[in-house]
2 protein chains.
Amino acid sequence: MTSSSSGAQARRATILDVAAAAGVSRQTVTRAMNDMPGISAGTRERVQRLAAELGYSPSRFAKGLVQGARTSLGLAIPDLTNPYFPAFASSVVEEATQRGWNVVVDDFGHGSGSGLDAVARLEPQVDALVGYLGAASNDAQTLMGRRPVVVLDYPLGHAAGAISFDYPYAARLALGQLLAAGRRHIAYLDSDHDGAVSTRGLAVAAAAEEAGVELVVLQAAADSAPSAREVVRIKVERQRGVDGLLVFNDLMAAGALKGLHDAGWKVPEDCAVIGMDGIALGELVTPELTTLSLDLRAVGRAAVDLVDNLLSGAVEGRSPDASLVLKHRLVLRQSA
Amino acid sequence: MTSSSSGAQARRATILDVAAAAGVSRQTVTRAMNDMPGISAGTRERVQRLAAELGYSPSRFAKGLVQGARTSLGLAIPDLTNPYFPAFASSVVEEATQRGWNVVVDDFGHGSGSGLDAVARLEPQVDALVGYLGAASNDAQTLMGRRPVVVLDYPLGHAAGAISFDYPYAARLALGQLLAAGRRHIAYLDSDHDGAVSTRGLAVAAAAEEAGVELVVLQAAADSAPSAREVVRIKVERQRGVDGLLVFNDLMAAGALKGLHDAGWKVPEDCAVIGMDGIALGELVTPELTTLSLDLRAVGRAAVDLVDNLLSGAVEGRSPDASLVLKHRLVLRQSA
DNA sequence: CAGGGTTGCGTGAACGTTCACGGCAATTGT
DNA sequence: ACAATTGCCGTGAACGTTCACGCAACCCTG
């Protein structure tokens with residue numbers, strides 16, 4: 001009743017429909033919609049009103065095609081269910097939004113394939129890529145061609161963007177705390193890495209050797225709290241001596257706390273626990289979690305900054321500093 | 001050394017570059033890239049190899065323009081930091097990915113404006129919208145024009161997509177549990193809603209009246225755990241009689257548990273606590289949280305299904321069932 | 001009142017891809 | 001032996017928008 005009478009048009013309104021309705025040309029509509037100069041206030045208002053009435057919205061395809069837009073950032077996340085990643089993603093999205101970019105998110109958990117699948121899905125849709133890609137990191141740059149790629153937590157050989165963490169430093173920090181508290185029988189609970197030991201695990205092992213303490217290494221079946229809980233509950237019985245536990249990340253550490261509780265252990269009296277990452281969850285568990293904290297908002301900011309530099313640098317042909325190493329900070333709470 | 005020798009071209013390779021390199025036409029390149037019939041295996045392979053070498057990737061703009069693509073879903077989230085939303089978002093992303101759509105995420109927490117700002121940012125980029133938009137829900141459909149909009153947790157008047165929850169039912173469920181456990185002095189901790197009472201709060205109040213119990217209503221300054229913790233720690237001193245606490249959501253309930261602990265109360269002995277939403281966090285806190293659980297993966301699935309229906313229905317001119325009401329389920333754990 | 005600037009608007013071209021054809025040669029059928 | 005089919009490939013047009021112009025009317029200014 002309000003709009004066109006000549007039948008229901010399934011087709012979306014184009015700039016020409018608006019131009020015809022307003023009795024002006026394409027260019028005038030463009031000027032009105034984009035608040036450009038060279039148009040009278042009256043015409044501008046009239047065109048905008050008509051555009052709204054017709055439900056007109058410029059085609060992002062046509063616009064992007066002619067303007068060569070580079071405003072879509074891909075974000076590949078292994079598992080949005082793990083609170084670490086949303087905390088990071090939130091920062092990336094905020095930072096990208098401030099720059100006028102939009103963020104296309106792909107989660108490759110829950111049977112949505114591998115990190116490489118995620119990159120393959122994102123590649124045609126975005127102008128740059130940020131992600132925790134693990135082993136797929138190398139191929140990512142190949143798929144993305146000349147477009148900026150920033151990979152987190154996976155040191156790259158060639159000159160791509162990379163943000164990694166100083167695990168040797170973090171491991172020494174955590175171990176130092178445990179040793180200073182008089183703990184001598186330390187265990188490390190690692191995540192699943194296809195049977196192998198993670199980079200973090202290697203750093204912890206090195207730090208233990210450096211400090212001259214023996215290290216018991218446990219491995220969970222998955223990077224999840226229930227999995228950590230189960231491993232700790234079962235394995236801890238056989239490791240009576242352990243009085244200090246370092247965990248792959250905070251989510252698993254929270255599970256480990258539960259597992260120790262299940263087994264009737266008191267934290268930190270019987271066994272101190274230190275997590276890694278510093279997510280908000282750590283303050284909600286009991287006892288509150290001592291952790292190697294990372295400022296995830298800063299990490300997100302750094303990632304987007306890197307993309308921004310690569311994006312500008314790529315235009316000018318030069319390759320700016322493309323890698324960055326961040327350090328953890330020890331946050332003491334009740335668990336250690 | 002591997003690619004072109006005629007200077008570094010900043011411009012991305014187009015289909016014509018590949019065609020020229022392979023000595024064929026555009027169409028043949030198209031056929032090779034999209035695995036279409038009508039091309040010999042040899043040519044296909046050669047073209048694909050050259051495309052990879054030149055770093056060619058089809059322009060999503062040109063492709064979308066000519067094909068009229070409708071494969072971008074906008075997802076507006078109030079706060080990715082609140083674990084409820086990633087749990088939901090994860091499901092939406094998974095479901096959308098299965099359909100071959102991509103998801104553009106906008107987080108309007110952390111000073112990135114209101115829900116309406118998020119819609120305004122997403123509108124030019126997407127073909128449909130899903131989100132927790134609250135008060136901005138009405139204007140969202142206006143901005144999106146004829147494109148599908150699915151709004152969660154905000155009952156809409158007109159015929160847009162809407163997924164809401166049966167709060168009266170949930171409130172009766174929770175109150176029933178508390179009453180059955182002999183609790184008589186019930187409090188409800190609400191989130192911040194600009195000073196007003198939330199829909200959930202109204203439902204709880206109604207259920208309390210229905211059951212003939214008095215209800216103490218507390219209100220936190222924000223929808224966050226620390227905020228809930230603070231309110232509970234301070235206010236609970238003056239409410240000595242309270243022996244049952246119902247909380248707006250699980251995140252705040254986790255904070256409330258901490259607040260009660262701070263005040264020296266034992267849960268559930270001194271005061272039972274029931275949360276809402278059923279996020280994974282509930283199993284990691286101590287005591288584990290009894291909650292009104294929602295299958296968030298099912299919610300995400302339902303949202304994407306609705307969008308799918310609206311998207312197909314819009315083409316055929318008919319408007320399919322556009323709203324849906326989901327029910328909570330009471331999950332008994334230690335806190336009540 | 002001639003000249004030059006400003007204001008307001010319109011027209012061809014281009015962005016990169018796919019679609020709908022059309023063409024040519026080799027192969028097949030009778 | 002000749003038509004019909006098939007396999008492989010190329011060409012014009014279109015998608016909807018913005019950019020770089022062009023043009024006419026109007027206002028000053030000396």
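Source: prediction; values computed, not measured. Protein chains get the first letters and strands the later ones, always in sequence-line order, with residue 1 at the start of each.
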Indicate whether any N or O donor in one side chain lies under 3.5 Å from an N or O acceptor in the other, for A/Ser72 and A/Asp127.
no
Please determine if a side-chain N or O atom of B/Thr28 lies less than 4.0 Å away from the OP1 or OP2 oxygen of D/dG10.
yes
Between protein and nucleotides 14-20 of chain D, map the contacts as a letter string: B base, S sugar-phosphate only, - none, heavy atoms under 4.0 Å, written 5' to 3'.
-BBBBBB
Taking OP1 and OP2 of C/dC9, is either one under 4.0 Å from a side-chain nitrogen or oxygen of A/Ser40?
yes
Is the shortest distance from a Lys or Arg side-chain nitrogen in A/Asp17 or A/Arg12 to a carboxylate oxygen in the other one below 4.0 Å?
no
Taking atom types as modelled, find out whether B/Ser57 and A/Glu123 have a side-chain donor-acceptor pair closer than 3.5 angstrom.
yes
Strictly by modelled atom types, are A/Arg297 and A/Ser90 linked by a side-chain donor-acceptor pair under 3.5 Å?
yes
Would you call B/Arg49 and B/Glu53 a salt bridge, using N to O less than 4.0 angstrom?
yes
